[in-house]
Structure formats: structure tokens, C-alpha cells
There are 2 protein chains.
Amino acid sequence: MIKCSYCQEVSGIRKTGKIRGKQRFFCKYCNRHFTTGKNQEETVATQKDGITIKDIAAEVGVSISTVSRALNGSKEIHSATKEMILRKVEELDYQQHYIATSLVRKQTFTIGIIVPELKTDFYANLISGANEILRPKGYKIFAMQSDESFEHEIANTNALIASRVDGIIASTTFETKGFAHFERAKEKKIPVVFFSRINNVVDAPKIVVDNYMGAKMATEHLIERGYGKLGFLGGSDNLHIGNLRFQGFMDTLDKHGIKSQEKWIIRTDQLLSDPHRIILELLREKDRPDAVFTMTDTIGIHLIKCARTLKIDIPNELGLIGFSDYIVSQYISPSLSTMRQPTREIGMEAASRLLKAIANKNDKNYRDNTTTVLMPELVTRESTDRVKNRSRAGTPSRQQ
Amino acid sequence: MIKCSYCQEVSGIRKTGKIRGKQRFFCKYCNRHFTTGKNQEETVATQKDGITIKDIAAEVGVSISTVSRALNGSKEIHSATKEMILRKVEELDYQQHYIATSLVRKQTFTIGIIVPELKTDFYANLISGANEILRPKGYKIFAMQSDESFEHEIANTNALIASRVDGIIASTTFETKGFAHFERAKEKKIPVVFFSRINNVVDAPKIVVDNYMGAKMATEHLIERGYGKLGFLGGSDNLHIGNLRFQGFMDTLDKHGIKSQEKWIIRTDQLLSDPHRIILELLREKDRPDAVFTMTDTIGIHLIKCARTLKIDIPNELGLIGFSDYIVSQYISPSLSTMRQPTREIGMEAASRLLKAIANKNDKNYRDNTTTVLMPELVTRESTDRVKNRSRAGTPSRQQ
DNA sequence: GAAACTATCGGGAACGATTCCGGTGACTGA
DNA sequence: TCAGTCACCGGAATCGTTCCCGATAGTTTC
């Protein structure tokens, strides 16, 4: 790197202090001192793209190895040298090149999160929760959205693999049929953690809320409030989550020896595409349920609006409880009882588990495919408050 | 790369078809054919981390240059060779290494978005909008959150620079005082686009909604509905946005020759920390306003709850309009009139402008520091519907 | 006083791609 | 037959780091 300006020798050069701001060297072959510094020709070509450690090394008069040591807190460096280097780094506004570092370190400090939709409250909160764990550890987040499209999910996964992320957190789409893309990631030593919409195919940590217990708690709540003709509204049964919630509902009825009617139980995806028609049909029955458990708050909110249209009094003529604690649920009138999901905690837990998997990536005895089950929390509001209507306060989160 | 197995010569080797699945070569020096393929020793050491183009090249029997050409759609390659390579790529499940590519291409196809809070509806929508533009172009998004902390904002910016993102989209924090970090990014040829909370310091494209006009429209709406004693509720005046909205309000009053009272105009950050106390104080005045324009929907929602407590009838005794169209606003009862911000469009516009800046990065004559102003849209709901109360339908977005 | 050790540093090989440059054989046209 | 052109390909430099290995001078140990 440093060449003696007399004999052109490159080895046997040692630095010997400074003179007028320039580093002074000693060549043991010609036994003479010399200095480095840009000459005129070099100064012309100064318009570079960015400062590299090579520049720092040249300016300070050390090798790039030494600069690297200074930058990475190595012990094998003299404190004075380190100081000089760090001062020059400051002066030239050097910024580490993570790309180059990642290439040799084989670690990018990047993790990818794939969700069906970025703007949904649930997923935004989840990413935020994961960020709380990941940011302090120096990880950056690739936020990707699959738009409920299997193809996009695969494309996203491949992009993350190509970007050599250190790990992936994912919730699959409704239409996800295969998991080869995730298996590919795992083959390439990229740990994966699933949440919410999980599967039994890929060997990976999974985080879910207890949908079955949540449904039981919701149903118990309706019964406890004195409702007895219970209905269920949900999507079709191709979604694992839906099945669990439905099962919890049915089992609770059984437990209490309550019989529901077939027409009070609606499980169809039309509830997502054309909710009002389906709901109004149910509510116009002469013999309608006196309380309904909806698979999601979204459906519950639709139901509230339909009830408003038909002038049905919630909670007195009709009790209602949802699932998820959608942000709107506390503000709608009547406010909607629901099972709150610990969204932020799911994100944090997923991130923690992922970090653990990353740390043990090379230990082939390590294997974590356990499913963490977080318990949802019953939130009682006006829609099941049969005795008297209380108004409850809630604080909207800050907005723009 | 390919060495003749007889004479060890490396130049003058040409491939001459296949034999039993192995590539056949011809060495012009020894005038003999030979084949390549893994021998026993090599097979032992097969447990590698990942497939590289070097592996592909070796398997197919071409140079890595040729593999690169096949992968990047170069014209300088025989279609048959290309096909062979692509087949092997498929077979070995080769996945491009973006990190390595980025290093030499000096482009990462990554852009960073810095927002005060990821989980806020406004910002989540914005990121989603930006994603709509960026994903089809092959860009990935680093989603970063500043938590309204100036320090975090700087740290995030530095991390993005170190990651050599191709561009940055940012909305600054409330407490952002300096912009040196953004200037640093620009010096390193990383284009920056600001949105919403903008500044006049950094020379960059900016996207905002017209807060002044929005406020005028909101105020006009109140007047048009027959309200005459108008109040304003907002944060303190250290926020540009707040000033614009306040100015729009005042100018509209002036224009109509309406006089407001000082006590009806509240501009303090206590509205964010302790809203109910401030609002209740105002509403308990004997001589209170008959309509209020709140700087944000959040404040408006607090006001609705306070009015409920005091049994003040909205909209008949008190009219109310907010700003931003917070997701809750359409569901709260009474639903809240507001100025809707085209959130998604802001994200899309910011992304488009950023891409344009990236494309012209090296053209030093190119310079875009224009501010795009998007118009907010008046959404009338029950809170200003003085004549009669209509119920309005709205569709909640899909949730988990 | 030789050997062993320590503190400090430089050289150079990776990492996994892209890309410039030059080479080779085949073909074309005079 | 020979120069010129074209299609195709390989070699090697390069991107900006990290990190292993070896070198050196000074210090300590026996």
C-alpha cells in the first residue's frame, strides 16, 4: 500500500510520526524518511462517489486492515492509531458500506416481514411490535405485502432470499396452497417464523392467539349475560382460524346444553363480499337469534349497521360480540364487545423467536418448531351490556 | 477456469457437446477430448452454503461471465448455451445474490421510508401507497420508525445511507431541528423526498396536502351549514401544518366578516396530553361556540366524547368538523365530518417523484425541488348535518 | 542472552457478482 | 487467399469490506 518514494519498496515501511499534518514514514531499505499526500494529479481525480476505508487508510497512513480494526472495536490496535483513524473518519464523513460488509460477513442485519396487507391495523401494529425488538439489535425491516396473492407471496419470499435477509416473519395469504418457497428459504439457512395464519407443513416457530379459547370465552360471555339463542357468523371453513373459532363456539354451546339452530349459523365467504345482504336476511327471520358471535369485528360492525337499519336494539334485543378488537370497535355506537388480540405482543414474540433461531442457525441440533399461543382478552362493551348502557372511554392513537 | 486434464492447459479449451450428461471439451494443444465432473474428493466437500454462479459455470462447463450473461439477458450469448445454463440454474435452485450484485452495480433496488410511527393509519397507508409504485419496479422498502425522536430519525437516516438505499422518503418528527442528516444523504447521491411534514431547508421534492385550503373548505362548510360562533382547537404553533390550518380558519372568518372570540380559540399541546380537561372547560362556558373546527380528527373524537358526557347535541347544539379522516371518524356516533387526506396518493406521488430523481441522479442539471400540493376532500357526515340526521354507510377494511 | 510472548500492524485472499477487453472461429466479399 | 466482420465466450479487474496469517519490535522469562 505505502511505497517508499525513493526506492519504491513497499515492505519494511513504518510510520514515524507526523509533520505538517502529513504522515511521516521510514523506509528501512534506503534508511530515509518520506511523507505521503495527494499530489496534483491525484487531486484532480478527487471527484469520487464516496469515501471508503481505503481513503481513510491512505490519509492516515495505515493499512486498510488497521482502519477496519479501528472501526470494528478490535483489541489489536493501538489506542492512538485508533483515535487518529476515528478522527479522520469524522472529518471525511465516512459512512460504512453495509453492502460490502454483508458480503463478507454473510449477514445483512435485515429481516423481511411478509403480510397480506401493510395498511391493515393488525399488521401495521405487528410490524411495529417486531420493530421494537429488532431495531435495538440493529436490524432493519423489509416490509412486504402479498395482497392476499399466492404469487406475490412467492415473489416476495424469493426477493427476500436473494437479498439474503437474516430471517423472515410471515403470515400467509388466504389462498396459499404450497410452502415450497418457505422450505427453500430454510434450505438456504434463512430461519422463518409464522404468525396468525399458520400451517403444519413448515418446521418453524409459530405464534398465534388461542382462537379456540377466545371463541369459548366470547360465547361464555354471551351466555353469562343471559342470551340463549346464539348465532355464529363467519367465513367459509377453508381457514384454519375460522374453524377454531367456530369449534370454540359450538363446544361452549354443548357444554351448556344449549341448542342452536342451523339457520343461525352462517359460514360463507359471501359475508366478506356481500355482508349486508346475508346479515339482513338473518335479522329479518321471525325466529332470529338473540345474540351473535361474529368471527371478526368487521362482520360485527356490518351487523351493527344492519341492526340500525332494521331498528333492532343492541344489546337489548340482540347481543353481539366480535373478535380482534378492530380499532373502530370502541368508537362505533353501540361500541362492540370483542376479544382483543395482543397484536403488538405477537410481533414482539415473533421477532424474539426469530432472533433466537438466527443465533442458533449453525447449530444443527437446535430446532424450534413450537407454537406459542397467546391468549386473547375479553373486552366488554355496550353491544353485550344488556343491563344498562354505560359509555366507555377510549383513547384514539395519535394521527397526522 | 477449465483445465485440460492431460496437459493442464487452461486456454484454448472449447466445448464440443455432451456425453453421458457431462460436458465434453477439446484441448487444442494436446488435440484431445476430455470431460469435467466432480470426482470423489470434490463430492465429499459438497456441503456448501449456497449455489453461486461459479457452481453453475463449473457444472455447465462455461465461464462465470457467460453465466452472468445468461442471467442478465445479454445478447452476446448463444441461445443454446443460455438454455443450458438456465436449466442448470433451475436444477440447482440457484438464487441470485443481490448483495454481491449491488456491490458492483452500485444500486440496491431498496428505498427507505422514515415515518414517525409505523402503526398509525396515515403512515401505514402511505407506505402501502408507495409500495404500489415501487414493487412493480422491483424496489424493496426499508420501513423505519422515528418514534417522534430526532435522534432516532438521524440514526435511521444513517442506517439507510450505510445500507446504500437508492432513495429516501421521509416525514420528519415534531422535534426535528436540523437537517444535516438529510443533506449528508444528498451529498452521497441518495435522493430524498419529503411528505406531509416538510421543511424549507433541504432542496428536495415535497408532497403535502393543502392544509390552508383544506381548513378554508372546512370552515366554509360550517358557515354554509348556518353555524356562526366558530371555535378552533389545535396544537401549539410550532408545527407548520397547524399554522396553515389555523390561518385558513381565520382567513375564512375574515372573509365572511365573522368575529370569533379569543376563548373559543385554543392552541396548546395540552390538547394532545390532556384533551378532556381542556375540551370540557371550553364546552362548559356559558357562551360557548356553536361549531368547532378541530385541527385533527383525534381531537374531534375527544370532543364528541366530551359532548356526550355533557349531553350536548351534535350537530344541533354544536357543529363539528375535523381534519384527516381518521378511520374511526366514519364509525363514531355521531360520525365526524372531516377533510379527507389522499393518503395513498401521497405515498404514490412521493414514490414516483423519488424514482424520477433516482433516474436523473447523475444528471447534474436535473433538479426537482417543487412542492406538490394535493387537495383534501370535504367529507360531510352527521357532526355537521344540522338539518336532519342521516346515517351513512361505510365499509371497514378487511382485518385479521 | 536465547526463547517466548505481546502488542501492533500490513498483505492479501476471500465474498459473489458485473463488465470491459481481448481472443477465436466462422463467414463474407473482393 | 486474405482482410474484415460477427457471434460468442473467457480472463481478469473491480466493488468495499473482513479476517487470517505472518512480520516486527519491544518486553519478559528462565
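Every chain is numbered from 1, with letters handed out A, B, ... down the list of sequences.
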Original post:
Taking it one step at a time, do B/Ile113 and B/Phe142 satisfy side chain to side chain contact (heavy atoms under 4.5 Å, CB included)?
Top reply: CA-CA 6 Å; B/Ile113 303 187; B/Phe142 271 138; over 6 Å; no
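- Here D/dG16 presents its P atom at 16 Å from CD1 of B/Ile161, a figure rounded to the nearest Å.
- Contact check, B/His78 against D/dC8: a side-chain N or O comes under 4.0 Å of OP1 or OP2.
- Note on B/Ile53: a base of the nucleic acid sits closer than 4.0 angstrom, heavy atoms only.
- Within 6.0 Å of atom CD in A/Glu91, more than 12 heavy atoms from other residues, nucleotides or ligands are found, so the atom counts as buried in its surroundings.
- OP1 and OP2 of D/dG16 both lie 4.0 Å or more from every side-chain N or O belonging to A/Thr101.
- What you find for B/Ile127 and B/Ile141 is that their closest heavy atoms are O-CD1, 4.3 Å.
- Comparing C/dG10, D/dG16, C/dG16 by their nearest atom to the side chain of A/His97 picks out D/dG16.
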Could you list, one pair per line, each protein nitrogen or oxygen that sits under 3.5 Å from a nitrogen or oxygen of nucleotides 19-23 of chain D, together with the distance?
unit_1: D/dC19; atom_1: OP1; unit_2: A/Arg105; atom_2: NE; d: 3.4
unit_1: D/dC19; atom_1: N4; unit_2: A/Ser65; atom_2: OG; d: 3.4

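- Where the helix from C/dG1-D/dC30 to C/dA30-D/dT1 starts and where it ends, the local axes point in directions that differ by 50°; five pairs per end, rounded to 10°.
- Put simply, B/Ser63 has a side-chain N or O that comes within less than 4.0 Å of OP1 or OP2 on D/dG10.
- For the pair A/Leu103 CG and C/dA13 P, the computed distance is 17 Å after rounding to whole Å.
- The side chain of B/Tyr94 contributes an N or O atom lying less than 4.0 Å from OP1 or OP2 of C/dA17.
- Side-chain atoms of A/Arg367 and A/Asn360 include no donor-acceptor pair closer than 3.5 Å.
- Few gaps surround NZ on B/Lys361; more than 12 heavy atoms of other groups in view lie less than 6.0 Å from it.
- Look at NZ on B/Lys54: it is 13 Å from C1' on D/dG11, rounded to the nearest Å.
- Here B/Lys75 does not reach the OP1 or OP2 of D/dC8: none of its side-chain N or O atoms lies under 4.0 Å away.
- Atom CG in B/Leu71 sits roughly 12 Å away from atom C1' in C/dG16 (whole-Å rounding).
- Side chains of A/Ser102 and A/Gln107 form no contact here, defined as non-hydrogen atoms less than 4.5 Å apart.
- As a whole-Å value, the separation of A/Tyr98 OH from D/dT18 P is 11 Å.
- The phosphate of C/dG16 has OP1 or OP2 within less than 4.0 Å of a side-chain N or O from A/Lys106.
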Original post:
Can you list the steps and then say if B/Glu153 with B/Thr176 is a side chain to side chain donor-acceptor pair (under 3.5 Å)?
Top reply: CA-CA 8 Å; B/Glu153 181 179 301; B/Thr176 296; 2.9 Å; yes
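- The aromatic rings of B/Tyr139 and B/Phe109 lie tilted to each other, with the angle between the two planes from 30° to 60°.
- Proximity of A/Gln96 to the phosphate of D/dT18: a side-chain N or O atom is located under 4.0 Å from OP1 or OP2.
- A donor atom on one side chain and an acceptor atom on the other are not found under 3.5 Å apart for A/Arg135 and B/Gln145.
- One can place CE of A/Met84 at 13 Å from C1' of C/dC9, the figure rounded to the nearest angstrom.
- Here D/dA7 presents its P atom at 15 Å from NZ of B/Lys82, a figure rounded to the nearest Å.
- With 3.5 Å as the limit, one finds a donor-acceptor pair spanning the side chains of A/Ser63 and A/Thr66.
- Note: CD1 (B/Ile56) to P (C/dG16) measures 13 Å, nearest angstrom.
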